[in-house]
There are 2 protein chains.
Amino acid sequence: MRLSTKGRYAVTAMLDLSLHNADNPVTLADISENQGISLSYLEQLFACLRSKGLVKGVRGPGGGYFLGKPAADISIANIICAVDEWVEFTRCRGEQNCHAGQRCLTHSLWDDLSKQIFDFLGDITLQELVDKGEAKNCADKHRLIKEKQAA
Amino acid sequence: MRLSTKGRYAVTAMLDLSLHNADNPVTLADISENQGISLSYLEQLFACLRSKGLVKGVRGPGGGYFLGKPAADISIANIICAVDEWVEFTRCRGEQNCHAGQRCLTHSLWDDLSKQIFDFLGDITLQELVDKGEAKNCADKHRLIKEKQAA
DNA sequence: TTAATCTTGAGTATTTTACTTGGTTATTTA
DNA sequence: TAAATAACCAAGTAAAATACTCAAGATTAA
């Protein structure tokens, strides 16, 4: 698992996409302006996302991008994996200079942890994030209203 | 939160340290050979780890590094934070071109997720990883013995 | 047809990573 | 005391990844 700013950009862009009305596609130009990510970089990221079926592009005027499947079916891990090459860290397969298994042990420990992180992110869907965020947003609004009333 | 190969190196090295007998310090040369990480790169990483109190260096012949505190008190997040600069992703503080709160919402969603990941990694200690790994190791040995007996 | 938009590819500046080199201390051991 | 060992330190560098630019199609709505 690898969690870089590239992955963040992708997750942020996908979140942006999820927050829009699903009736009409969202242009990359919109997301670019909205999230402060350069258009051509977004194009690259969306090429990855599209090849994994996470988004669907619609060409021509009025075109843009849709989510490739329901937000509830897209995990954060899916998104990050789409744009970030999964690098295998442990090249040591017990072949050589694996001193008393120590090296392999550390590597397998890392692998375990890596898998845990992956599972964790695989359990969080776009939909959940959006739901939680909207709930929070409502709560904030509610709080604001109450504060105004109190004043 | 940011999870790069740099962080992996650090975690792997710390795991290596944890797996050694705590009576005598472990040299970076050992870890370097053991884990296939260049000595001087390790020195850089350990400078960070030391400044955060995660390891303690002992100079002179017979010297090396100890864990700075019990493995049970060191989380994976601690290690990663020590070597990977924590980059703030959202520079948008509601100041400008925050179109209808959309941008802020995505950013706060990302912040939430980021915090979740951080909490997750903050909950996993070195000790837990080692314990789990050793249990697994024992299980493997046990399985091997059983297989031999069966043959 | 034309403008909007995705799509593709090649090229590039900047940053990060991972390493190299060449030292200086502090400490132990001979 | 001298030599060896290992942490410490700093500067520089090659390679890779990041983030972006530029340019040219392809597709489709208006």
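Throughout, a chain's letter reflects where its sequence line sits, starting with A, and its residues are numbered from 1.
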5' precedence on DNA chain D between A/Gly62 and B/Gly63 (nearest-nucleotide basis): B/Gly63
Touch class at under 4.0 angstrom, heavy-atom based, for A/Phe46 against every strand present: nothing
Lys/Arg-Asp/Glu bridge criterion (N-O < 4.0 Å) met for A/Asp111, A/Lys115: no
B/Ser4 and B/Asp84 side chains, donor-acceptor separation under 3.5 Å: yes
Nearest-nucleotide pick for B/Ile37, side chain only, options being C/dA18, D/dT18, C/dC19: C/dC19
Candidate nucleotides C/dT7, C/dA10, C/dT27, ranked by approach to the side chain of B/Pro61 - the nearest: C/dT27
Under 3.5 Å: donor-acceptor pair, side chain of B/Thr5, backbone of B/Arg8: no
Rounded interatomic separation in angstrom, taking CD from B/Gln44 and P from D/dA10: 12 Å
Nucleotide of D/dA19, C/dT17, D/dA29 approaching B/Lys6 most closely (side-chain heavy atoms): C/dT17
Given C/dT8, D/dA19, D/dC9, the nucleotide with the shortest approach to the side chain of B/Arg50: D/dC9
Sugar-phosphate only, base, or nothing, as touched by A/Leu28 at under 4.0 Å among non-hydrogen atoms: sugar-phosphate
Aromatic plane relationship, B/Tyr65 with B/Phe46 - under 30° parallel, 30 to 60° tilted, over 60° perpendicular: tilted
For atom OH of B/Tyr65 and atom P of C/dA26, their distance in whole Å: 15 Å
From C/dT5, D/dA19, C/dT17, nucleotide with atom closest to B/Ser4 side chain: C/dT17
Under 3.5 Å, N/O pairs linking protein and nucleotides 22-26 of chain D:
residue, atom, partner, partner atom, Å
D/dA26, O3', A/Arg59, NH1, 3.4

